[in-house]
**Q** 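The structure follows.
Since the structure is predicted, the reported quantities are computational estimates derived from the model, not experimental observations. A, B, ... follow the sequence lines: proteins, then strands. Residue 1 opens every chain.
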Amino acid sequence: MKELLEILSEEVGASFAAAGIDAEYGNVTLSNRPELCEYQCNGALASAKKFHKNPMEVAEAVAEKLSASDTFEEVFAAKPGFLNMKASPEFIRKYLCGMYEDTERLGAERTANPEKLFMDYGGPNVAKPLHVGHLRSAVIGEAVKRLARFEGNDVTADVHLGDFGLQMGLIITELKERKPDLPYFDESFAGEYPAEAPFTISELEDIYPAASAKSKEDESFHEKALAATKEMQEGRRGYRELQRQIMEISVSDLKKNYARLNVNFDLWKGESDAEPYISGMVEDMKAKGFAHESNGALVVDVEEEGDKKTIPPCMILKSDGAALYDTTDLATLIWRMKDYDPDEVLYVVDSRQELHFIQCFRCAKKTGIVPVNKKLTFLGFGTVNGEGGKPLKTRDGGVMRLEYLISDIEDAMFEKIRESSPDMDEAEAHDIAKTVSLAALKYGDLKNQPSKDYIFDMKKFISSEGDTGPYILYTIVRTKSILRKFAEEGGDMTCVVPAAPSGASDKALAERLCLFQSEVRGACENLSPNILCAYIYALCNDFNHFYHDTKILSCPDEGKKKGYIADVLLTQRVLEKSIDLLGFEAPERM
RNA sequence: GUGUCUGUAGCUCAGCUGGAUAGAGCAACGGCCUUCUAAGCCGUGGGUCGCAGGUUCGAAUCCUGUCAGACACACCA
């Protein structure tokens, strides 16, 4: 189906053309003065300069033309030259029917230009527990992925594990100090390494912070870690085996955590998967003259004309010859291009890494790793702050682990449920707490613009008042409850059909429903799930208003009642489809 | 120091390519449950859109300057 505003714009545009003005001035938007009208067009004002016509006269001429249209119930010109419109109930009914018949996509068309998209989000480091910093990448990335797929794009999602950098050297060095007798450290060892890893996930989680702290104080420890990193990268057998073991243990733990967040990846590749491409890439860059030495390191200049500030060169190898994040990110692009040949690679990463990606992208294009016609996109997100605007920390100032954050919000939600429904079965209350708290967390994050920092306020997130996840879910639960009751009372769902809205609140609801596809498209095109959040919040408001305004099940007029039920059903479908795209779900009751 | 981003109600934020009296939510105050889940709904108060200029019929939105804050500036990722 065409988008509602597109249909209206075309019709208004035709009237502009008939009045001798370019049809594109007929662009229709939602009204910002709902008391006056539902839709407006400012084209007459905008065209005044170019066509040297009195905007008011233009608006009146267009209104005159449109007054005969079945699409509009009312069209009038206002003061300086606004064109104000109301859609006819019959037009709305037809549009709703179109959405209603398409149970899969609710009338939303796929993009006319589907592309092959490769997404890089998540970005956890192996051996380091997930912390709040990983939340946004996962949550935003997952939503963007689902939106892009819904729009008809071919999307591959890669978690891109951090498993090839200094943190591996730190772990190896620390482990060597703790258990020096392990065969991994014996260079002359030629036998089979044990199948069992020499550590558990919780040991690993203890080793990394200890090593990290040590390397900051102890210069020699730091140097050992650097050396170990390089040896691991160069393929020292025992270290590679350790790296593999660390990976294996971490990945199964990470998968659990991401599953808990309802976040899924197609690929569980890591930085280390780029290793086979590194030496060839370096040689190629040298041979073609892109790379040169600078202060002992190997770099590629990426400055371009028009830069407002000097962009530091992209570093390919450190002065000790080891790889670093530029190296693996570039070499990773090699296999992504070779194996997947995407039209676009999209990175959902902390915005503080923007400069790094500018360097990488330029270098990749300059050296031919990525053809110039492909898109490399950086979607940077802001920081999660605590109250007071400083980055969220634990009470003792440490990094907030993601699983604790999730548990805390789940516990708080459970308490809330116990208070409001003391009779509910405890197991069910736990189930619901899980579903609702995840929605609270994800919606609380996604409703913000990705690029902006936001303040994490647990009380606000789990509140069901205002623009929150629980409020959205509560509204969905209401729709389900009505539909359940309708069926229980013997209502026949198969002969329910949308009706022309007859009152103010059902018309407002109906017209909001009609906007579904344009909002989804807007969210997808702008990489902004917050647009969809704002839409479903408005839809929930409209629905709740309608709900309080209307006797639905006890409506004496059978025809009207069927129309109301259709509205409820369509509301439910639109909301559930939307939250599915955002990456969470609703319970049956709450 | 250089660059990027942010500055809208007490708090947290929306405001699309400039358009009609700047919108929500929270908090405050006041109403609404014998009727489909009150985790809801309705209402009241609250703003010189950081500041100063400029562009024009018209600016929160565009331009310049200025103040304040956040972030980034090659061998961590």
**Q** Taking pairing as Watson-Crick or G-U wobble with both contacts under 3.5 Å, can you name the mate of B/A22, or confirm there isn't one?
**A** none
**Q** Can you measure A/Tyr471 atom OH to B/A38 atom P for me and round it to whole angstrom units?
**A**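 Interatomic distance, OH of A/Tyr471 to P of B/A38: 12 Å.
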**Q** Any side-chain N or O of A/His545 below 4.0 angstrom from OP1/OP2 of B/C42?
**A**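 Yes.
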**Q** Looking at A/Asp158 and A/Lys269, what are the two nearest heavy atoms and their distance?
**A** OD1-N, 3.2 Å
**Q** Using a cut-off of 4.0 Å on non-hydrogen atoms, how would the nucleic acid contact of A/Pro313 be classed: base, sugar-phosphate, or nothing?
**A**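 Base contact.
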**Q** So if I take every side-chain heavy atom of A/Tyr547 and compare against B/A20, B/A74, B/C36, which nucleotide ends up nearest?
**A** B/C36
**Q** Measure the distance from CD on A/Glu35 to P on B/A20 and round it to the nearest whole Å.
**A**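 Taking atom P of B/A20 as the reference, CD of A/Glu35 is at 12 Å.
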**Q** Has A/Lys460 got a side-chain N or O lying under 4.0 Å from the OP1 or OP2 atom of B/C13?
**A**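 The answer is no; no side-chain N or O of A/Lys460 sits under 4.0 Å from OP1 or OP2.
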**Q** Taking OP1 and OP2 of B/A39, is either one under 4.0 Å from a side-chain nitrogen or oxygen of A/Arg589?
**A** no
**Q** Say whether, by atom type as modelled, one donor and one acceptor occur between the side chain of A/Ser215 and the main chain of A/His222 under 3.5 angstrom.
**A** no
**Q** Is it the case that the side chains of A/Arg478 and A/Asn544 hold a donor-acceptor pair, with the cut-off being a distance below 3.5 Å and no angle test?
**A**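 Checked: A/Asn544/A/Arg478 side chains pair up, N/O donor to acceptor below 3.5 Å.
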**Q** With a 4.0 Å cutoff (strictly under), does any side-chain N or O of A/Asn544 reach OP1 or OP2 of B/C41?
**A** yes
**Q** Once you apply a heavy-atom cut-off of 4.0 Å, does A/Thr475 come out as touching a base, just sugar-phosphate, or nothing?
**A**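 Nothing, no heavy atom under 4.0 Å.
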**Q** Does B/C36 pair with anything, Watson-Crick or G-U wobble, both distances under 3.5 Å, and if so, with which nucleotide?
**A**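 Looking at the geometry, B/C36 pairs with no nucleotide.
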**Q** Counting side-chain heavy atoms from C-beta on, which of B/A77, B/G19, B/A20 comes nearest to A/Gln167?
**A**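 In terms of side-chain proximity for A/Gln167, the closest of B/A77, B/G19, B/A20 is B/A77.
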**Q** Applying the Watson-Crick and G-U wobble criteria at under 3.5 Å, what pairs with B/U55? Answer none if nothing qualifies.
**A**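 Because no pair has both required distances under 3.5 Å, B/U55 counts as unpaired.
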**Q** Between the base of B/A72 and the side chain of A/Asp350, is one N or O donor paired with an acceptor at under 3.5 angstrom?
**A**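 No pair found.
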**Q** Specify the separation, in whole Å, of atom CG of A/Asp467 and atom P of B/G15.
**A** 12 Å
**Q** Does B/C5 have OP1 or OP2 sitting under 4.0 Å from an N or O in the side chain of A/Gln449?
**A** no
**Q** Determine the contact category for A/Gln359: base if any of its heavy atoms lies under 4.0 Å from a base atom, sugar-phosphate if only primed atoms, P, OP1 or OP2 are that close, otherwise nothing.
**A**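 Counting heavy atoms under 4.0 Å across all strands, no contact is made by A/Gln359.
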**Q** Heavy atoms only, 4.0 Å cut-off, all strands: where does A/Val568 land among base, sugar-phosphate and nothing?
**A** nothing
**Q** Choosing from B/U17, B/A20, B/A74, which nucleotide comes nearest the side chain of A/Asn27?
**A**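 Of all the options, the side chain of A/Asn27 is nearest to B/U17.
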**Q** Nearest nucleotide by nearest heavy atom, which residue falls closer to the 5' end of RNA chain B, A/Ser451 or A/Ile455?
**A**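 Closest to the 5' end, via its nearest nucleotide, is A/Ser451.
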**Q** Under 4.0 Å, heavy atoms only, any strand: does A/Ile417 hit a base, just the sugar-phosphate, or nothing?
**A**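 Answer is base: heavy atoms of A/Ile417 come under 4.0 Å of a base.
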**Q** Tell me whether the centres of the aromatic rings in A/Phe378 and A/Phe361 are closer together than 6.0 Å.
**A** no
**Q** Please check if atom NZ in A/Lys434 has more than 12 non-hydrogen atoms from other residues, nucleotides or ligands closer than 6.0 Å.
**A**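 No, because the 6.0 Å sphere around NZ of A/Lys434 holds 12 heavy atoms or fewer from other groups.
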**Q** Tell me whether the OP1 or OP2 atom of B/U4 has a side-chain N or O from A/Lys308 closer than 4.0 Å.
**A**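 Indeed, a polar side-chain atom of A/Lys308 lies that close.
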**Q** Do A/Met85 and A/Val12 have side chains that get closer than 4.5 Å, going by heavy atoms?
**A**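 Contact flag for A/Met85/A/Val12 side chains = yes.
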**Q** So, for A/Phe461 and A/Asp445, which heavy atoms are closest and what is the spacing to 0.1 Å?
**A**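 Result for this residue pair: CE2-N, 4.1 Å.
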**Q** How would you label the contact of A/Lys447 with the nucleic acid (heavy atoms, under 4.0 Å): base, sugar-phosphate, or nothing?
**A** nothing
**Q** Stacking between A/Tyr537 and B/A24, defined as ring centres under 5.5 angstrom apart with planes under 30°, is that present or not?
**A**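 Here A/Tyr537 fails the 5.5 Å or the 30° condition.
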**Q** Does B/A68 have a Watson-Crick or wobble partner in any strand here, with both distances under 3.5 angstrom, and which is it?
**A** B/U6
**Q** Is A/Ser554 side chain donor-acceptor paired with the B/C36 base, going by distance under 3.5 Å alone?
**A**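 There is none.
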**Q** Which part of the nucleic acid, if any, lies within reach of A/Asn32 when heavy atoms closer than 4.0 Å are counted: base, sugar-phosphate only, or nothing?
**A** base
**Q** Suppose we define a pair by two distances each less than 3.5 Å, Watson-Crick or G-U wobble; what does B/G43 pair with here?
**A**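 Its partner is B/C29 (Watson-Crick or G-U wobble, both distances under 3.5 Å).
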**Q** Check every atom of B/A77, B/G3, B/C36 against the side chain of A/Lys309 and return the nucleotide holding the closest atom.
**A**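 In terms of side-chain proximity for A/Lys309, the closest of B/A77, B/G3, B/C36 is B/G3.
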**Q** Expressed as a whole number of Å, how far does the P atom of B/U2 sit from that of B/G47?
**A**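 Straight-line distance between the two P atoms is 38 Å.
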**Q** Among B/A77, B/G15, B/G19, find the nucleotide with the atom closest to the side chain of A/Asn42.
**A**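 Looking only at heavy atoms from C-beta outward on A/Asn42, the closest nucleotide is B/G19.
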**Q** Counting only side-chain N and O atoms of A/Lys452, is one of them less than 4.0 Å from OP1 or OP2 of B/A14?
**A**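 True: A/Lys452 side-chain N/O within range (under 4.0 Å) of B/A14 OP1/OP2.
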**Q** The side chain of A/Met590 is closest to which nucleotide in this list: B/C73, B/A39, B/A38?
**A** B/A39
**Q** Can you check the distance between B/C16 and B/C62, where both ends of the measurement are the P atom (answer in whole Å)?
**A** 9 Å
**Q** What is the base-pairing partner of B/A14, counting Watson-Crick and G-U wobble geometry with both distances under 3.5 Å?
**A**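 None - no nucleotide pairs with B/A14, as no candidate has both distances under 3.5 Å.
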**Q** Measuring only the C1' atom in each nucleotide, how far is B/U6 from B/G15? A whole number of Å is fine.
**A** 16 Å
**Q** Would you please test A/Asp326 and A/Val300 for side-chain contact (heavy atoms from CB on, under 4.5 Å) and show each step?
**A** CA-CA 11 Å; A/Asp326 284 326; A/Val300 172; over 6 Å; no
**Q** Could you say whether A/Phe546 or A/Ser294 is positioned toward the 5' end of RNA chain B, judged by the nucleotide with the nearest heavy atom to each?
**A**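 Nearest-nucleotide comparison on RNA chain B picks A/Phe546.
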**Q** Is the phosphate of B/A24 approached by A/Tyr535 (side-chain N or O, under 4.0 Å from OP1 or OP2)?
**A**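 No, A/Tyr535 has no side-chain N/O under 4.0 Å of OP1/OP2 on B/A24.
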**Q** Under 4.0 Å, counting only non-hydrogen atoms across every strand here, what does A/Val436 touch: a base, just sugar-phosphate, or nothing?
**A**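 Nothing, no nucleic acid heavy atom in range.
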**Q** Pairing check on B/U48: which nucleotide meets the Watson-Crick or G-U wobble criteria with it, both distances under 3.5 Å?
**A**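 None - no nucleotide pairs with B/U48, as no candidate has both distances under 3.5 Å.
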**Q** Please tell me which of the listed nucleotides, B/U17, B/C36, B/C75, lies nearest to the side chain of A/Leu553?
**A**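 The nucleotide sitting nearest to the side chain is B/C36.
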**Q** May I ask you to verify whether the side chain of A/Ser421 and the base of B/A39 hold a donor-acceptor pair under 3.5 Å?
**A**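 By the distance-only test, no, there is no pair.
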**Q** Give a yes/no answer on whether the side chain of A/Asn448 brings an N or O atom under 4.0 Å of OP1 or OP2 in B/C13.
**A** no
**Q** Counting any heavy atom closer than 4.0 Å, what does A/Asn295 reach on the DNA or RNA strands: base, sugar-phosphate only, or nothing?
**A**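 Touches a base.
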**Q** Side-chain N or O of A/Tyr454 versus OP1/OP2 of B/C11: is the shortest distance under 4.0 Å?
**A**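 No, A/Tyr454 has no side-chain N/O under 4.0 Å of OP1/OP2 on B/C11.
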**Q** Name the closest nucleotide to the A/Arg352 side chain, picking from B/A20, B/A72, B/C26.
**A**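 The answer is B/A72.
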**Q** How are the rings of A/Phe357 and A/Tyr347 set relative to one another: parallel (under 30°), tilted (30 to 60°) or perpendicular (over 60°)?
**A** tilted
**Q** With side chains defined as the heavy atoms from C-beta onward, is the minimum distance between A/Thr571 and A/Phe546 less than 4.5 Å?
**A**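 Answer no - side chains too far apart.
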**Q** With rounding to whole Å, what would you report as the distance between B/G30 and B/U35 at their P atoms?
**A**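 Looking at atom P only, B/G30 and B/U35 are 25 Å apart.
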**Q** With a 3.5 Å limit on both atom pairs, tell me what B/U61 is paired to, counting Watson-Crick and G-U wobble, or say none.
**A**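 Base-paired to nothing in any strand shown.
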**Q** Classify the nucleic acid contact of A/Asn385 as base, sugar-phosphate or nothing, counting any heavy atom under 4.0 Å across all strands shown.
**A** nothing
**Q** Using atom CG of A/Leu324 as one end and atom P of B/C75 as the other, report the distance to the nearest whole Å.
**A** 9 Å
**Q** Just checking A/Leu45: base, sugar-phosphate only, or nothing, at a heavy-atom cut-off of under 4.0 Å?
**A**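 Here A/Leu45 touches the bases of the nucleic acid.
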